[in-house]
Amino acid sequence: MSVRVRFAPSPTGLLHIGGARTAMYCYLIAKAQGGQFVLRIEDTDLERSKKEYEEKMIDDLKWLGIVYDEGPEKGGKFGPYRQSERLDLYKDLAWKLVKEGKAYPCFLTKEELDALTEKAIAEKNAPHTYHGQYRDLAPEEAQKRIDAGDEFVIRFKNHQKTYTFNDLVRGEVTFGPDMVGDFVILRSTGMPVYNFCCVIDDWKMEMTHVIRAEEHLPNTLRQLMIYEALGAEPPIFCHVSLLIGHDRQKLSKRHGATSVTQYRDQHYLPQALNNYLCLLGWSHPEERDIFQLEDIIPVFDLNRFNKSAALYDIQKLNFFNQQHLKLKSGPELVTHILEVLPKDHPFRAFDSAKQEKVALFFVEKVQLVTEFEQQLDVLFKAQLESNEEVAEVESWETTGLIRDYIKSQVEVLMADGVQNASSDTFNEWLGYIKKEMKIKGKPLFKGLRVVLTTQAEGPDLKEIIPLTPMAILKDRLGI
RNA sequence: GCUCCUAUCGUCUAGCCCGGUCUAGGACACCGCCUUUUCACGGCGGUAACAGGGGUUCGAAUCCCCUUGGGAGUACCA
């Protein structure tokens with residue numbers, strides 16, 4: 001039987017990086033075993049679910065390169081893939097369980113429920129679970145109240161058993177009999193509840209593996225009970241460790257940028273995000289750390305998940321982004337740079353060969369594409385910010401001499417209509433100053449640098465100068 | 001409170017299942033050196049960890065128990 005794995009987000013917000021990580025693991029597991037990866041939208045919470053979020057999530061998944069074989073819009077033979085379009089299925093099965101005596105209508109009001117919870121809290125050592133007062137109400141009696149229009153929910157009849165299952169990452173997990181009471185499967189609004197829909201869909205969609213974050217671990221108990229009541233075979237569960245923030249709490253909005261959209265907006269590379277996220281809780285069999293998603297599909301090993309929570313560290317993400325940036329080809333880099341540069345940036349005026357040259361040269365110096373703009377200033381901005389060192393170099397007598405010489409040379413070049421100095425001309429300048437003017441060492445290089453770039457440090461001069469437009473040089477020299 | 005999960009450098013982790021090869025390996029960050037007459041890149045090196053206590057064993061990071069710490073869940077959210 002083919003492996004089938006699903007990612008089932010609820011569209012109540014933007015795609016969270018934790019969600020992206022789970023989706024990626026699902027995708028990887030499915031693909032590693034030649035199976036299918038399915039996207040299912042869990043939108044039974046009508047209050048909070050929004051169509052825009054669903055669209056945005058799908059778009060972000062696409063951006064990450066996590067492609068699903070079946071899902072909303074795309075279709076597939078197990079559809080529909082939106083829970084809001086499968087409501088009749090859940091309701092029918094809920095009532096089927098009622099008929100079989102495995103669930104029952106409950107008429108407890110909200111106030112009565114609250115009172116019970118308070119009482120449980122007051123009695124220390126007691127689990128805050130509810131054991132149904134209506135579970136033994138005669139079916140005819142219940143029907144009478146329903147017909148009379150009394151508000152009700154359907155609760156699952158829990159038999160207080162111990163459940164054990166084998167989790168792919170946790171190993172054997174056991175839940176004691178007092179963990180939950182008779183929980184709701186159908187709300188008073190007639191809407192089914194997450195744990196119920198989830199089981200039905202995973203069953204009907206023939207999922208072989210359920211991969212999700214550890215926060216869902218306690219839900220597994222309820223789900224196991226539902227599988228049993230339905231007479232369905234549970235899938236293999238795999239509860240992946242949680243992503244946490246610097247306070248060691250579950251990663252959430254207050255930890256800063258936590259949605260894929262935010263990283264996308266900041267022009268992070270999807271490959272970098274995938275790569276970093278993948279290594280948070282999973283390790284490469286050969287301990288490789290920089291890779292593309294496609295490359296690890298053949299080696300993706302389900303036994304290499306780490307059990308403990310992983311701290312999300314943006315500094316390391318930045319490192320991965322830098323590494324993946326350096327993996328890009330010249331033309332790819334130029335495209336990325338062009339995306340983030342202002343419309344009127346002079347870099348755009350360069351021909352593509354020169355653009356590539358510049359891109360490949362400066363990529364060493366940045367972690368994010370957005371940092372290129374500032375790096376490019378050394379080429380395109382006449383006057384850069386001064387500092388103490390610049391002032392000191394300026395004060396040297398030799399620096400003035402160098403300036404006068406360079407000025408005269410640039411004037412000659414300009415008279416010839418030259419657009420940019422070549423690396424040869426730069427070498428000539430260097431040779432002349434050294435031999436004829438007898439300036440060498442620090443005064444030579446620092447002096448030249450300050451004269452040519454108005455800065456005391458920066459990229460290799462002999463690379464930079466041929467790329468600097470003559471107009472900028474002219475400006476810097478005060479011609 | 002109750003239930004479940006979890007514990008190796010500051011962080012991500014390898015090693016644990018199948019005890020000796022672990023004076024615990026790699027990566028990020030940090031520091032130093034080399035390279036570059038600068039910066040960055042790169043190369044080399046350094047600081048830095050088996051939570052604590054009991055067992056079992058000739059031998060434990062690895063197996064067992066307890067303690068402590070951390071986390072999650074505890075909904076008519078997902």
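Sequence lines set the chain letters: A, B, ... in the order given, protein chains first and strands last, and positions in each chain run from 1. Atoms considered below: every heavy atom in the structure, side chains included; atoms not considered: hydrogens, waters and symmetry mates.
Between the C1' atom of B/C4 and the CD atom of A/Q223 lies a distance of 15 Å, rounded to the nearest Å. Regarding A/F183, its CZ atom lies at a distance of 15 Å from the C1' atom of B/A78, rounded to whole Å. Straight-line distance from the NZ atom of A/K250 to the P atom of B/G70: 18 Å, rounded to whole Å. Spacing between atom CD of A/E286 and atom C1' of B/G25 amounts to 16 Å, rounded to whole angstrom units. Nucleotide B/G73 holds its P atom 23 Å from the OH atom of A/Y163, rounded to whole Å. Note: CZ (A/F237) to P (B/C4) measures 18 Å, nearest angstrom. Atoms CZ (A/F320) and C1' (B/A29) sit 13 Å apart, rounded to a whole Å. Atom C1' of nucleotide B/C2 and atom CD of A/Q160 are separated by 14 Å, given to the nearest angstrom.
Under a 4.0 Å N-O distance rule, the pair A/R48/A/D45 qualifies as a salt bridge. With salt bridges taken as basic N to acidic carboxylate O contacts below 4.0 Å, none links A/D289 and A/K316. A/K56 has a carboxylate O that lies under 4.0 Å from a charged side-chain N of A/D60, or vice versa, which qualifies the two as a salt bridge.
Going from the P atom of B/C33 to that of B/U38 covers 14 Å, rounded to whole Å. Across the P atoms, B/A78 and B/C31 are found 49 Å apart, a figure rounded to whole Å. One P atom belongs to B/G32, the other to B/U68, and the distance between them is 43 Å to the nearest Å. Between the C1' atoms of B/A29 and B/C16, the separation comes to 27 Å (whole Å). When the P atom is used for both B/U35 and B/C63, the distance is 48 Å, rounded to whole Å. Distance noted for atom C1' between B/C28 and B/A49: 16 Å (whole Å).
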Within the 4.0 Å limit for protein heavy atoms, which parts of nucleotides 32-41 of chain B are touched? Write it as a string from 5' to 3', B for base, S for sugar-phosphate only, - for none. -----BBBSS
Base versus backbone protein contacts along nucleotides 5-17 of chain B [heavy-atom cut-off under 4.0 Å; B, S, -]: BSS---SBSSS--
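Phosphate proximity of B/C76 to A/R155: present, with a side-chain N or O under 4.0 Å from OP1 or OP2.
Less than 4.0 Å separates RNA chain B from no heavy atom of any residue of residues 392-400 of chain A.
Nearer the 5' end of RNA chain B, as judged by each residue's closest nucleotide, is the contact made by A/D247, out of A/D247 and A/T44.
A parallel orientation is assigned to the rings of A/W282 and A/F300, their planes being inclined by less than 30° (bins at 30° and 60°).
Between the base of B/C76 and the side chain of A/S188 there is a donor-acceptor pair shorter than 3.5 Å.
Although no hydrogens or angles enter the test, the distance criterion places a donor-acceptor pair under 3.5 Å between the side chain of A/D167 and the main chain of A/H239.
Nearest to the side-chain atoms of A/S10 among the listed nucleotides B/C76, B/A78, B/A27 stands B/A78.
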